[in-house]
Amino acid sequence: MTLALKTMDLAKTFDIGQRLIGPPRAQVHAVHPVSLEVRQGETLGIVGESGCGKSTLARMLVGLTPPTSGSIEIEGRALDRADPAAFGRLIQYVFQDPVSSLNPRKTIRQILEVPLRLLHGLRGAALDARIEELFDAVNLRPEFLDRYPHEFSGGQAQRIGIARALAASPRILILDEPVSALDVSVQAQVLNLLADLKAEFNLTYLFISHDLAVVEAVSDRIAVLYFGSVVETGPAEKVFAAPRHPYTKLLADSAPVVGRPLGGAQSGELPDPLNPPPGCAFAGRCPRASDLCRAEVPLLRAIEGDQFAACHHPREC
Amino acid sequence: MSLFLRLLFRNKLAGLGAVVLGVIVLLALLTPILPLHPPNATNTASRFLRPLSEGHLLGTDHLGRDLLSRLLWGTRLSLAVGFAAALVAGLVGAAIGVMAGYFGGRTDNVTMRGVDMLMAFPYILLALAIVAVLGPGLLNALIAVAVVNIPFFARNIRGVTVGIAHREFIDAAKLAGMGHTRILLTEVVPNIVPVVVIAMSTTIGWMILETAGLSFLGLGSQPPQADLGSMLGEARSALITAPHTSIVPGVMILLIVMSVNLLGDGIRDALDPRLRSGALARPMATTRVERAQTPAPKGEGLLSIDELETQFHVGPRVYKAVNKVSLELRPGECLGLIGESGSGKSVTALSVMGLVASPPGVITGGAVRLEGQDLIGAPYEVLRSLRGRKVAYIFQDPLATLHPLYRIGDQLTEAIRVHEPVSHAEAHRRAVRLLEDVRIPNAAARINAFPHELSGGMRQRVGIAMALANDPDIIIADEPTTALDVTVQAQILALLDDLRRSRSLAILFIMHDFGVVGQLCDRVAVMYGGRIVEAGPTAEVLAAPAHPYTKRLISCVPELGGGRRVLAAIPGLPPAVDRLPDGCAFAPRCDKAQPDCRRGEIELEGRARKVRCLYPEGAS
């Protein structure tokens, strides 16, 4: 099976307190070196809580944030320059807030035209035909094309956002919390549309979300991020059903499930990013932590089959 | 455009300003073809003629020149210079601001510090220095006035641009292959044009004044050319003997500047989206009540809401946000209220204590009884004494509900002392105990923290501590965990559950789906389109939902452990509450809808288990 996307030790460090001259006051490692492989036609779910670096990772993958180190390969070709236009033809991004991702002063047609003109050089009748085709693909009526973004509901605006991403004819779509701003009854519509589009256009998805149940429902494989590092990856049906990393276990226990008593109320918070602990970042909250965990950073390793965890003392299942 | 004009002329003073300025501009434009004396023709024989003299309507000045003619020619010049200076300052300032705001980082730092330095000089000094270097003359005065005003525009526009440059549509434009220039011109600039226009319209009066000031000092227009400032300057020596020579240009300056400012304020109000949406309208202390009749008390619960109707009146439209909602909350009970955005769940909760903003909110019917006492229409003092003491709220975003500039301890002690006259030391002790109750580690030290120093979960704990400060009987929690991560959400829910048992609190828990409600609540009510469509014990509703909406809402939300699957989506959109369909609001999206579902009123039927549906699920 061919690889659609491969990252090698992709990392991002942000400078805090940039001065006019001289070094910054502090540095935050938003994303520790991450190596991921996404197969052609696969949906990789990325879950993690706020501050775990999932959005920074996504922005690096589309070239909106230049990585501090590491490299990105799309279908075997290295993309190391942070030029969004070069990325744009291969990989596109669907934003979380559908309304704020559309320029309020442009009509939908003007918004959709841009990637077609600039990335694919379409003009005239071919341009109009392609726009109608895209609009049809996301189940919107063509008379909406000449309206402005504020006239649409969240679900419709998100369909327009998806249409714009598709306009670039990318191979990979990064979906950054694409349904979390939507009403629950509309969420399922958009998720099902995404599934249809994937089959129709032979796409590869990276689906980022904090909602474990949604990620589980749409993904083939899942990667769990904690404090800027991948702590567990594995097949979607196994990661939450049989978690190996204690953090994944905590996540799975915290998700609301009707009928399950309230529990999983472990205390503890993320470590201070300006002053990260040595060793495993989860050690402070982990029931299985040992001295080894507090001293040495665990590396991502195969636990069983294709399930990987970055843990010195993985759970047995 | 017609909306803009309507908004503009709704403000009477702005209309007056527009008319006055219009007349002045028209006169200035027509000056060359009006039958006037030449403005610079001297006639020392008839110096200082009073106004209304023959042939000289406004009299003459110290060289016998016709004042009316000089006034109109001068106005023409002053207006032109003022507008030109505003245009130059606006364009250059906006260009600097857009660059600094868009590129950020070092570009921003260097340019804005330069602009700050420009601002550090008193404006007249700076203008004098510029004129001193360039030499006197109207064009140089124009340059000086424009330069002096550039910082104002640059700083204003930079702030707005920073906000826009971080919006997601800019990222989307980059991904669509746009370069910086194209993004600046087609994405950023159209969004800042209103701000530039607003800034110009409010400063143009100033610029006319400043130009007049320079001309008054002899640095602007050179004799014999007339502008309003130089006319004043020349008239200064005859201020006592021939006051009309000063008064005539003075009144004109007053008229121009005042009309420009009035019009500018009007333009600002009409263009600013925040003001347009009514941010200037100060909400009343309690929601306005226009209730025809009060339903008779029937429930005996701790809090009983009877046939509550809350509407929003916006212009000619009436949004029926809450439409005859009845709920009952018993002591120690947790009632879940579920609905999507726009279903009226939050407005129901806010109506209880009269917290819906008025205007535009109006409570048009029903009653809310707390231990038998009707709260709708109760005087503000009564509501105020009950808010927090009997009924407390927890909101979604704790960062928005806590004051950013006060330490959380100060906010807690204030909340305690509002209702109970205890000493500072006692209030502080209680505050620490409250923070311990909500399991904030190291409470004695954290009490001195500012809200921004706490994580989201800790802030929400403080929000809960605030709600508990006066030992209320009821807590209304409006999506208290929506903004939190799952692990933190689990902690907060467990905390709320413990607190309700240890303090026998009644909780009205508002949520957008069933996930959390199923774990926490005893009973549940589902809202759709401003009405309750189903209510009953949580386990029963979840096991056998009776309303098609409830059933499909449950099945369209995936639950962990279900594996990969196709979700059962509900087609269509929730209804807009200003044009609800006849009959069942869910009928357009319901696959079981019959013709009679779209007619007449459908009642909420049943006792413990209620449903508003003609063909409920499970019934044959």
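Here is the naming used below: chain letters follow the sequence lines, and residue numbers restart at 1 for every chain.
Chain B forms more heavy-atom pairs under 4.5 Å with one residue of A:G161, A:A255, A:A213, A:A236 than with any other, namely A:A213. For the options B:I170, B:L484, B:V516, B:V486, heavy-atom pairs under 4.5 Å to chain A are most numerous at B:V486. Contacts with chain A were tallied for B:E187, B:R167, B:Q489; B:E187 has the most, counting heavy-atom pairs under 4.5 Å. Put simply, of A:Q110, A:R117, A:E49, the one with the most heavy-atom pairs under 4.5 Å next to chain B is A:E49. Chain A forms more heavy-atom pairs under 4.5 Å with one residue of B:I164, B:T186, B:T538 than with any other, namely B:T186. Note on B:G456, B:G572, B:P574: by heavy-atom pairs under 4.5 Å with chain A, the leading option is B:G572.
Counting only heavy atoms from C-beta outward, the side chains of A:F95 and B:D171 approach each other to under 4.5 Å. Between B:V193 and A:R105, every side-chain heavy-atom pair lies at or beyond the 4.5 Å cut-off. Counting heavy atoms from C-beta outward, B:L573 and A:Q156 have side chains that approach closer than 4.5 Å. At a threshold of 4.5 Å between non-hydrogen side-chain atoms, the residues B:R589 and A:S185 count as touching. A:L118 has its side chain within reach of B:R182: a pair of non-hydrogen atoms, C-beta onward, lies under 4.5 Å apart. Taking 4.5 Å as the limit, every side-chain heavy atom of A:P256 sits out of range of all side-chain heavy atoms of B:M511. Between B:F169 and A:P104, the closest side-chain pair of non-hydrogen atoms falls below 4.5 Å. Inter-residue side-chain proximity for A:D183 and B:H512 is flagged as unmet; no heavy-atom pair is nearer than 4.5 Å.
With a 4.5 Å cut-off on non-hydrogen atoms, A:A217 touches chain B through its backbone and its side chain both. Using a 4.5 Å cut-off between heavy atoms, A:E216 contacts chain B through both its backbone and its side chain. Interface remark: A:N192 contributes side-chain atoms only to the contact with chain B (heavy atom separation under 4.5 Å). Neither the backbone nor the side chain of A:Q187 has a heavy atom closer than 4.5 Å to any heavy atom of chain B. At a 4.5 Å heavy-atom cutoff, A:A165 makes no contact with chain B through either its backbone or its side chain. Contact annotation for A:S219: only backbone heavy atoms (N, CA, C, O) come within less than 4.5 Å of a heavy atom of chain B. Looking at A:R164, the atoms closer than 4.5 Å to chain B (heavy atoms on both sides) all sit in the side chain, from C-beta outward. When heavy atoms are compared at a cutoff of 4.5 Å, A:L191 approaches chain B solely by way of its side chain, counted from C-beta outward. Of the two parts of A:D211, neither the backbone nor the side chain holds a non-hydrogen atom closer than 4.5 Å to a non-hydrogen atom of chain B. A:Y93 touches chain B through backbone and side chain together, each having a heavy atom under 4.5 Å away. For a residue to count as touching a neighbouring chain, one of its non-hydrogen atoms must lie under 4.5 Å from one of that chain's; by this rule A:S153 touches chain B with the side chain only. In this structure, the portions of A:V114 lying under 4.5 Å from any heavy atom of chain B include both its backbone and its side chain.
When every heavy atom of B:N191 is checked against every heavy atom of A:N103, the shortest pair comes out as ND2-OD1, 3.0 Å.
We find the OG1-CG distance between B:T487 and A:L251 to be 6.5 Å, quoted to the nearest 0.5 Å.
Other residues, nucleotides and ligands place more than 12 heavy atoms under 6.0 Å from the NZ atom of A:K106.
Partner of A:V184 under the side-chain contact (heavy atoms from CB on, under 4.5 Å) criterion, out of B:L553, B:I554, B:I570: B:L553 alone.
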